[in-house]
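Structure, as structure tokens:
This one's a predicted model, so the numbers in the text were calculated from it and none came from an experiment.
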Amino acid sequence: MWMLSACLRPWASAAAIRSIRSIKTWQRAVKQLKQIDHDNKVNTPQTSSSNTQSYAAWRGDKIIGAAAANAFDRQVNNLATAGNATRVVALAVSNYFFAKHASTLLPHLVTASKEDNNDNKSDRQLGTLLEATVFRVSQEVEGQEEAIDDLATWLVEQALIAQSYEDMKGQLIDMGGTVQTVRTTGRFEVEASLNGIRRTARSTESEEEAEQLAATRVLALYNAKGNLIAMGGTVQTIRTGGSDHTPIFEAVALCNGKSATATGTSKKRAEQLAAGHLLSQQKQRQQQHDKNGK
């Protein structure tokens with residue numbers, strides 16, 4: 001089974017529209033809290049109120065973590081590997097992700113921060129605040145299960161989208177390609193290749209950025225499905241599950257009595273991955289045959 005990170009390529013606009021609607025259930029729950037004490041938002045262990053906040057954040061962390069795992073299962077219908085499930089859920093409930101989406105998850109914080117000229121809260125502080133808010137919602141708001149589930153579903157959707165768009169290197173490697181750094185002095189220069197297509201990319205920021213850019217350039221030129229069909233192969237696709245905004249498709253590529261299967265939230269992506277996997281297998285078998293024949 002393919003790693004799901006290489007298969008997920010949802011239409012961001014449709015998913016984002018659905019996500020904006022769904023998060024309102026959580027936002028309404030936050031507004032129902034009896035009070036938001038802005039002085040206790042920053043975790044300062046020296047005070048008893050901050051100790052209470054820390055405990056609430058610990059409880060909230062466990063609640064949102066479990067809800068996110070359940071939301072992930074619903075999104076992908078158990079088609080992911082354990083490793084990829086861990087990566088997606090860990091991103092969805094990370095302090096970094098909470099801070100990145102703070103204005104959406106905790107709109108009251110933006111207002112309060114502006115009033116107090118305190119816009120520079122750290123990721124950890126914002127994460128602690130959201131986790132504590134999750135716990136308060138679980139204790140004080142009627143219909144809290146629906147609200148927390150709504151939050152978890154939204155976070156997982158965003159994590160799936162973020163991961164799928166960022167991991168072009170993973171997609172290339174899963175299709176039998178390679179990515180290697182050729183120079184690091186002063187800047188990072190990376191070469192990506194797949195079935196004879198080679199492209200390079202440079203970055204002064206990071207090696208990862210160069211890798212992703214090089215892989216993106218190669219994938220934009222490679223048509224695995226078209227190449228397989230030209231060889232007499234076929235690719236068939238069916239929808240196997242998922243939600244309306246994150247559907248799961250399964251593609252089966254066939255050629256010369258051999259087959260390969262891949263899944264994805266885009267029909268095109270599943271087809272390209274299945275075809276690419278089969279072409280890669282055939283290439284490996286041919287190379288082994290040539291080696292044995294010498």
In Å, rounded to the nearest 0.5 Å, how long is the span from [atom1] of [X] to [atom2] of [Y]?
X	Y	atom1	atom2	value
R59	S54	CZ	OG	14.0 Å
K62	F135	NZ	CZ	13.5 Å
N227	N195	CG	CG	7.0 Å
I64	E131	CD1	CD	9.0 Å
T178	L172	OG1	CG	7.0 Å
E189	E207	CD	CD	12.0 Å

I'd like to know if the side chain of W26 reaches the main chain of L105, judged simply by a donor and an acceptor atom lying under 3.5 Å from each other, with no hydrogens or angles considered. yes
Side-chain (S280) to main-chain (G276) donor-acceptor, under 3.5 angstrom: no
Would a hydrophobic clustering, with Ile, Leu, Val, Met, Phe, Trp and Tyr connected at side-chain separations under 4.5 Å, put V179 with V182? no
Could you see if V252 belongs to whatever hydrophobic cluster contains M231? Use Ile, Leu, Val, Met, Phe, Trp, Tyr and a side-chain cutoff under 4.5 Å. no
So do the side chains of [X] and [Y] get within less than 4.5 Å of each other, counting heavy atoms only?
X	Y	answer
E145	D149	no
N223	Q272	yes
L129	F98	no
R202	L213	no
T261	E250	yes
C255	Q282	yes
T104	Q27	yes
L228	L278	yes

F72 and side-chain contact (heavy atoms from CB on, under 4.5 Å): which single residue from L155, T153, T86, V89 fits? V89
Test H101 against W154 for side-chain contact (heavy atoms from CB on, under 4.5 Å), laying out the working first. CA-CA 11 Å; H101 299 289; W154 189 90; 3.5 Å; yes
Using a strict cut-off of less than 4.0 Å between a Lys/Arg side-chain nitrogen and an Asp/Glu carboxylate oxygen, indicate whether R199 and E191 qualify as a salt bridge. no
Give me the atom names and distance for the closest heavy-atom approach of A224 to L279. O-CD1, 3.6 Å
Which heavy atom in V137 sits nearest to a heavy atom in Q144, and how many Å separate them? O-CB, 3.2 Å
